[in-house]
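A quick write-up on the structure given underneath.
Keep in mind it's a predicted model, so treat the numbers as computed, not measured. This chain uses plain numbering: 1 for the first residue, then up along the sequence. Just so you know, these numbers use all the heavy atoms, side chains as well, and skip hydrogens, waters and symmetry mates.
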Amino acid sequence: MQGTEMTDEKIRVVIVDDHPGVRAGIKNLLRRAKDIIVVGEGGDGMKAIELASTKKPDILLLDVELPVVGGDIAMRRIHDSEPEIRVLVVS
């Protein structure tokens with residue numbers, strides 16, 4: 001196909017949710033996709049900020065209601081420091 005590039009690069013994803021079962025369920029779903037790799041996971045907003053900085057994911061799945069630092073605040077901090085990361089907010 002003209003205009004599209006085929007690469008072997010995988011989409012790097014971080015999952016942040018305060019419920020371990022939800023994280024595990026999302027991770028299991030994403031494992032089925034050949035072009036996605038989960039590179040980190042955490043359970044609070046501070047961990048989301050840390051993982052965004054250290055893992056440099058393409059996509060960060062972020063729960064809205066998180067302990068320590070809320071998802072909305074974490075999202076703003078991530079956007080300010082790592083604007084290339086796409087944040088998908090889930091609730």
Side-chain angles (χ1 to χ4, degrees):
M1 288 187 289
Q2 190 175 18
T4 61
E5 290 183 34
M6 297 299 290
T7 67
D8 291 330
E9 290 187 39
K10 293 186 183 247
I11 299 167
R12 297 168 49 82
V13 176
V14 165
I15 304 166
V16 180
D17 192 291
D18 57 331
H19 299 288
V22 170
R23 289 196 312 265
I26 293 171
K27 190 173 183 178
N28 283 334
L29 285 172
L30 294 178
R31 279 187 181 153
R32 297 177 186 174
K34 294 177 183 173
D35 60 346
I36 295 175
I37 183 170
V38 176
V39 295
E41 57 183 278
D44 63 61
M46 284 304 295
K47 189 67 174 179
I49 295 165
E50 174 191 326
L51 289 167
S53 175
T54 60
K55 298 296 185 178
K56 306 286 189 200
D58 299 304
I59 298 172
L60 192 146
L61 297 176
L62 183 68
D63 187 13
V64 173
E65 299 208 16
L66 293 169
V68 185
V69 172
D72 58 336
I73 295 169
M75 181 178 60
R76 282 189 221 121
R77 289 186 186 171
I78 292 164
H79 179 71
D80 288 345
S81 64
E82 309 291 337
E84 69 282 356
I85 296 174
R86 302 295 182 234
V87 178
L88 177 62
V89 178
V90 296
S91 66

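Taking CG from Asp72 and CZ from Arg77, the interatomic distance works out to 10.0 Å, rounded to the nearest 0.5 Å. Interatomic distance, Glu82 CD to Ile49 CD1, rounded to the nearest 0.5 Å: 11.0 Å. The distance from atom CG of Leu30 to atom CG of Asp35, rounded to the nearest 0.5 Å, is 10.0 Å. For the atom pair Met46 CE and Leu66 CG, the distance stands at 12.0 Å (nearest 0.5 Å). Taken to the nearest 0.5 Å, the NZ atom of Lys55 stands 12.5 Å off from the CD1 atom of Ile85. Going from atom CG of Leu62 over to atom CD1 of Ile15 covers 12.0 Å, rounded to the nearest 0.5 Å.
Remark: Ile37 pairs with Lys10, Arg12, Val39 by the side-chain contact (heavy atoms from CB on, under 4.5 Å) rule, at least two apart or across chains.
Val89 and Ile11 sit in two unconnected hydrophobic clusters of ILVMFWY residues. Membership requires side-chain heavy atoms under 4.5 Å apart, directly or through other members. Both Val68 and Val64 belong to a single network of hydrophobic side chains, linked directly or stepwise wherever heavy atoms of I, L, V, M, F, W or Y lie under 4.5 Å apart. Neither Ile26 nor Leu60 shares a network with the other; the hydrophobic side chains, linked directly or stepwise wherever heavy atoms of I, L, V, M, F, W or Y lie under 4.5 Å apart, form separate groups for each. Hydrophobic clustering, with ILVMFWY side chains joined whenever heavy atoms are under 4.5 angstrom apart, groups Ile59 together with Ile36.
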Just do the side chain to side chain contact (heavy atoms under 4.5 Å, CB included) check on Val69 and Asp44 with the steps written out, would you?
CA-CA 7 Å; Val69 172; Asp44 63 61; over 6 Å; no
Side chain to side chain contact (heavy atoms under 4.5 Å, CB included) between Lys47 and Val16: does it pass, once the steps are laid out?
CA-CA 8 Å; Lys47 189 67 174 179; Val16 180; 5.5 Å; no
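The pair Asp80-Arg76 fails the salt-bridge criterion, with no side-chain N (NZ, NE, NH1 or NH2) lying under 4.0 Å from an Asp/Glu carboxylate O.
For the residue pair Ala52 and Pro57, the shortest heavy atom distance occurs at O-CD, 3.8 Å. Minimum interatomic distance between His19 and Asp17 (heavy atoms only, all atoms of both residues): N-OD1, 2.8 Å. Taking all atoms of both residues into account, the shortest heavy-atom contact from Ala74 to Ala48 is CB-CB, 4.5 Å.
Annotation: side chain of Glu65 is not in contact with side chain of Ser91 (no heavy-atom distance under 4.5 Å).
With Lys27 as reference, Val38 is the one residue of Leu61, Val38, Val22, Val13 to meet the side-chain contact (heavy atoms from CB on, under 4.5 Å) rule.
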